[in-house]
Amino acid sequence: MHYLFASDPIAAWGQAAAIILAIELFFFILIGLALTAALMFAFAWVREKSELIKKLRPTVESVNTTSEEAIHGTLPPATADDNKVVRTIAEVPAKIEGVEKKIDEGSDRVAKAVIEFRARTVMVEGIVKSFLMPRTVRQQLEPPARTEDVGFKSPGYRILLEEREPKVPDQVGDAFVGTIQSTEIKDASTA
């Protein structure tokens with residue numbers, strides 16, 4: 001019966017398929033082993049680096065606390081076992097703050113000097129104008145009497161100025177609207 005299966009053409013195809021599947025399975029197992037080994041080495045490397053980060057954390061915390069103390073002005077005195085890098089890093093914010101204060105003070109002094117200089121030049125110009133050209137100073141100080149004298153051609157501006165001008169009362173009651181009724185004044189004038 002064994003010869004019967006060996007001579008069958010379908011059995012030959014089945015044997016070829018089994019061999020191909022065995023070879024594929026062998027390659028997949030090799031690929032899986034390679035991936036497993038690569039992941040194993042990668043995770044070991046990450047674990048080493050995480051241990052380094054854990055060792056670095058106290059140093060970072062000491063830098064943070066020392067820099068906070070330096071900003072508040074209470075930097076502890078240097079000791080023999082202090083880390084010089086940590087000490088230098090902690091002193092930087094305090095030095096920067098000192099430089100910033102000096103810059104602010106200097107810029108304030110410059111701004112005050114510029115303002116003072118400008119105020120004095122305007123004052124001198126005003127004094128010179130008032131002594132040498134008194135008519136121009138008087139003309140600048142006197143407000144225009146009417147809206148026509150202002151020089152604006154805009155009708156909207158004229159209307160706005162006319163609305164704001166105090167009205168001259170036609171009757172006695174118009175000037176006192178709200179306090180004395182016009183009917184009372186008419187009654188008093190007729191009586």
Side-chain angles (χ1 to χ4, degrees), residues 1-126 150-161 163-164:
M1 187 118 162
H2 183 60
Y3 292 109
L4 181 69
F5 288 127
S7 64
D8 190 16
I10 295 177
W13 284 106
Q15 288 176 352
I19 292 171
I20 291 173
L21 286 174
I23 292 172
E24 283 182 10
L25 182 62
F26 176 71
F27 283 123
F28 283 132
I29 289 173
L30 281 179
I31 291 171
L33 286 174
L35 284 175
T36 304
L39 288 173
M40 181 179 63
F41 287 118
F43 286 137
W45 181 79
V46 168
R47 186 179 305 121
E48 287 177 20
K49 299 306 174 190
S50 67
E51 292 297 324
L52 287 176
I53 290 173
K54 287 180 183 177
K55 290 178 183 177
L56 184 65
R57 185 174 181 154
T59 306
V60 171
E61 287 179 358
S62 69
V63 168
N64 288 342
T65 56
T66 310
S67 63
E68 285 292 325
E69 290 173 356
I71 288 173
H72 296 301
T74 59
L75 190 62
T79 59
D81 60 336
D82 270 349
N83 189 348
K84 292 182 181 181
V85 175
V86 171
R87 189 88 175 159
T88 306
I89 291 172
E91 291 174 354
V92 168
K95 289 180 182 179
I96 289 174
E97 191 171 328
V99 169
E100 188 174 323
K101 285 181 182 178
K102 287 181 182 179
I103 289 172
D104 287 341
E105 290 171 0
S107 63
D108 287 342
R109 274 190 262 137
V110 169
K112 287 178 183 178
V114 168
I115 291 170
E116 183 73 23
F117 178 75
R118 178 66 184 149
R120 297 216 182 233
T121 55
V122 170
M123 180 183 69
V124 168
E125 287 175 3
V150 173
F152 289 107
K153 303 293 183 191
S154 171
Y157 184 72
R158 287 184 184 168
I159 292 170
L160 181 66
L161 285 179
E163 287 177 358
R164 292 196 176 203

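Position 1 is the first residue of the sequence, and the numbers go up from there. Just so it is clear, the values below take in all heavy atoms, side chains as well, and ignore hydrogens, waters and symmetry mates. Every value quoted in this text rests on a predicted model; they were computed, and no experiment measured them.
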Atom pair [atom1] ([X]) and [atom2] ([Y]), whose distance is rounded to the nearest 0.5 Å:
X	Y	atom1	atom2	value
Trp45	Ser50	CH2	OG	10.5 Å
Phe26	Leu30	CZ	CG	4.0 Å
Leu35	Phe28	CG	CZ	11.5 Å
Ile31	Thr36	CD1	OG1	11.5 Å

Check your understanding: Could Glu116 and Arg120 be called an ion pair, given the rule that one side-chain N must be under 4.0 Å from one carboxylate O?
Key -> yes
Check your understanding: Taking C-beta and beyond as the side chain, do Leu52 and Glu48 meet within less than 4.5 Å on heavy atoms?
Key -> no
Point to revise | Minimum side-chain heavy-atom gap Glu105-Arg109 below 4.5 Å | key: yes
